[in-house]
Amino acid sequence: MAQYTVPGLDDKTAAQVIDVLQHRLAAYNDLHLTLKHVHWNVVGRNFIAVHEMLDPQVELVRGYADAVAERIAAMGGEPRGRVGDIAQVRDWDDYSLLRDTSAAHLAALNKVYDGVITSNRKAIETFESEPVSQDLVIGQTAELEKFQWFVRAHLEDQSGAVAGGDKSTESGAAADAR
C-alpha cells in the first residue's frame with residue numbers, strides 16, 4: 001500500500017474511505033456484469049427497447065467503477081477489481097435470472113438497483129468528513145436513480161403500481177412481473 005493520501009486527509013480517515021469505496025467498486029463491477037447479462041438474455045415483448053436501453057447504463061456504470069478505482073488510487077489505496085475481490089466483499093446474491101422476458105428481467109433489475117442505491121446512500125453518510133468522495137458517489141447515485149426510473153417506467157401501470165415492486169427478491173419480483 002502507498003505511503004501517502006490526499007493532502008488534508010489523515011491516514012485513518014483515508015483508510016476508512018478507501019474501504020467504503022472498495023465496496024462501491026465491487027458493487028459497480030458486479031452491476032456492470034449484471035446489466036450486460038440482462039442485455040444478452042432478455043427476450044420477448046419490448047426486447048429491442050430493453051436491449052438498447054441497457055447499453056448506456058452499462059457504459060456509465062463501467063465509468064463509475066473506473067472513477068471510484070482512480071479515487072482509491074489517488075488516496076494511496078489499491079483498487080481491487082478482480083472477480084475474487086468482488087466475491088470477497090459482496091453482501092448480495094448473484095443475479096438469479098438467465099434467459100427470460102423483458103418484464104421479468106426488469107422487475108429483477110429494479111431490485112438490483114434498490115440494493116445498489118441503498119448501499120450508495122449508506123456510503124454517502126459515511127463520507128461526511130471526506131466531501132470529495134462523497135460528491136463522487138452522490139453524482140453516481142443520482143444517475144443510478146434515473147436508470148432505476150427508466151426500468152420502473154417499463155413496469156408501471158396506469159395506477160402507479162410497479163410490477164414486482166412489493167417483492168423482496170429478484171426472483172419474486174420477476175415471477176410477479178411475468
Side-chain angles (χ1 to χ4, degrees), residues 5-6 8-10 12-38 53-54 56-75 77 79-81 85-97 105-156 160-174 176-177:
T5 191
V6 294
L9 194 63
D10 64 81
K12 180 181 176 188
T13 302
Q16 292 167 339
V17 170
I18 288 168
D19 184 57
V20 174
L21 287 173
Q22 185 58 52
H23 284 80
R24 296 301 79 227
L25 177 59
Y28 291 154
N29 281 331
D30 187 74
L31 179 58
H32 158 256
L33 294 171
T34 298
L35 288 165
K36 205 60 187 171
H37 170 82
V38 173
M53 176 183 74
L54 294 175
Q57 294 181 27
V58 168
E59 290 308 310
L60 281 171
V61 171
R62 284 180 64 194
Y64 298 166
D66 191 51
V68 166
E70 289 172 353
R71 182 70 185 148
I72 291 169
M75 295 177 72
R80 298 175 185 260
D85 297 319
I86 296 170
Q88 185 177 10
V89 301
R90 69 186 289 173
D91 57 2
W92 58 90
D93 294 327
D94 274 334
Y95 187 79
S96 58
L97 277 65
H105 272 297
L106 290 173
L109 196 52
N110 185 38
K111 294 300 164 186
V112 171
Y113 275 121
D114 279 351
V116 174
I117 291 166
T118 298
S119 60
N120 270 15
R121 288 181 166 276
K122 289 177 183 173
I124 290 165
E125 290 175 14
T126 68
F127 293 149
E128 194 171 293
S129 62
E130 212 298 279
V132 175
S133 297
Q134 185 181 53
D135 184 61
L136 176 69
V137 177
I138 286 171
Q140 293 169 342
T141 303
E143 287 295 310
L144 291 171
E145 289 173 353
K146 183 172 75 174
F147 293 160
Q148 187 176 35
W149 168 56
F150 292 169
V151 167
R152 286 179 175 167
H154 285 270
L155 301 169
E156 189 175 355
V162 175
D166 62 341
K167 304 300 180 193
S168 60
T169 65
E170 294 166 13
S171 58
D176 189 54

Review point. Do L31 and V58 have side chains that get closer than 4.5 Å, going by heavy atoms?
Key: no
Would you tabulate the side-chain donor-acceptor contacts of residues 12-28 under 3.5 Å, counting partners in other chains and residues two or more places apart, or write 'none'?
{"from": "T13", "atom 1": "OG1", "to": "D10", "atom 2": "OD1", "distance (Å)": "3.1"}
{"from": "T13", "atom 1": "OG1", "to": "D10", "atom 2": "OD2", "distance (Å)": "3.0"}
{"from": "Q22", "atom 1": "OE1", "to": "R80", "atom 2": "N", "distance (Å)": "3.1"}
{"from": "Q22", "atom 1": "NE2", "to": "R80", "atom 2": "O", "distance (Å)": "2.6"}
{"from": "H23", "atom 1": "ND1", "to": "D19", "atom 2": "O", "distance (Å)": "2.9"}
{"from": "R24", "atom 1": "NH1", "to": "S119", "atom 2": "OG", "distance (Å)": "3.1"}
{"from": "R24", "atom 1": "NH1", "to": "N120", "atom 2": "OD1", "distance (Å)": "2.6"}
{"from": "R24", "atom 1": "NH2", "to": "S119", "atom 2": "OG", "distance (Å)": "3.1"}
{"from": "Y28", "atom 1": "OH", "to": "N120", "atom 2": "ND2", "distance (Å)": "2.9"}
{"from": "Y28", "atom 1": "OH", "to": "Q140", "atom 2": "OE1", "distance (Å)": "2.8"}

**Study point:** Considering all heavy atoms, the nearest A107-A173 contact
**Key:** CB-O, 3.3 Å
Point to revise | Spacing of L109 atom CG and L54 atom CG [to the nearest 0.5 Å] | key: 6.5 Å
Exercise for review: Could you grab the distance from atom OG1 of T141 to atom CD1 of I117, nearest 0.5 Å is fine?
Suggested key: 7.5 Å
**Study point:** Closest non-hydrogen atom pair between S129 and L9, with its separation
**Key:** O-CD1, 4.3 Å
Exercise for review: Classify the angle between the aromatic ring planes of Y95 and H105 as parallel (below 30°), tilted (30 to 60°) or perpendicular (above 60°).
Suggested key: parallel
Exercise for review: Working to the nearest 0.5 Å, report the span between CH2 of W149 and NE2 of H154.
Suggested key: 10.5 Å
Point to revise | Between CE on residue M75 and OG1 on residue T5, distance to nearest 0.5 Å | key: 4.5 Å
Check your understanding: Looking only at heavy atoms, which two atoms of G81 and N29 are closest? And how far apart?
Key -> CA-ND2, 3.8 Å
Review point. Checking salt bridge (Lys or Arg N to Asp or Glu O under 4.0 Å) for the pair K122/E125: CA distance, chi angles, key distance, verdict?
Key: CA-CA 5 Å; K122 289 177 183 173; E125 290 175 14; over 6 Å; no
Practice item. Tell me, yes or no, whether the heavy-atom count around W92 atom CH2, taken from other residues, nucleotides or ligands under 6.0 Å, exceeds 12. Key: yes
Practice item. Sequence neighbours left out, what pairs pass salt bridge (Lys or Arg N to Asp or Glu O under 4.0 Å) with at least one residue falling in residues 135-150? Key: R121-E145, E143-K146
Check your understanding: So how far is it from N110 CG to K167 NZ, rounded to the nearest 0.5 Å?
Key -> 13.5 Å
Study note, to complete from the structure: Applied to residues 87-96, the salt bridge (Lys or Arg N to Asp or Glu O under 4.0 Å) test, sequence neighbours excluded, yields D30-R90, R90-D94
**Study point:** Side-chain heavy-atom pair F147, M53 within 4.5 angstrom cut-off
**Key:** no
**Study point:** L144 and V61: CA distance, side-chain angles, deciding distance, side-chain contact (heavy atoms from CB on, under 4.5 Å) verdict
**Key:** CA-CA 8 Å; L144 291 171; V61 171; 4.1 Å; yes
Study note, to complete from the structure: The side-chain contact (heavy atoms from CB on, under 4.5 Å) partners of S96 (sequence neighbours excluded) come to E170, S171
Review point. K111: what forms a salt bridge (Lys or Arg N to Asp or Glu O under 4.0 Å) with it, not counting sequence neighbours?
Key: D114
Review point. When rounded to the nearest 0.5 angstrom, what is the spacing between OG1 in T34 and NE2 in H37?
Key: 7.5 Å
Check your understanding: Is a donor on one side and an acceptor on the other found under 3.5 Å between the side chain of Q148 and the backbone of Y113?
Key -> no
Just distance, no hydrogens or angles: give the donor-acceptor pairs under 3.5 Å from side chains in residues 63-72, sequence neighbours left out.
{"from": "R71", "atom 1": "NE", "to": "S133", "atom 2": "OG", "distance (Å)": "3.1"}
{"from": "R71", "atom 1": "NH2", "to": "E130", "atom 2": "OE1", "distance (Å)": "3.1"}
{"from": "R71", "atom 1": "NH2", "to": "E130", "atom 2": "OE2", "distance (Å)": "3.3"}

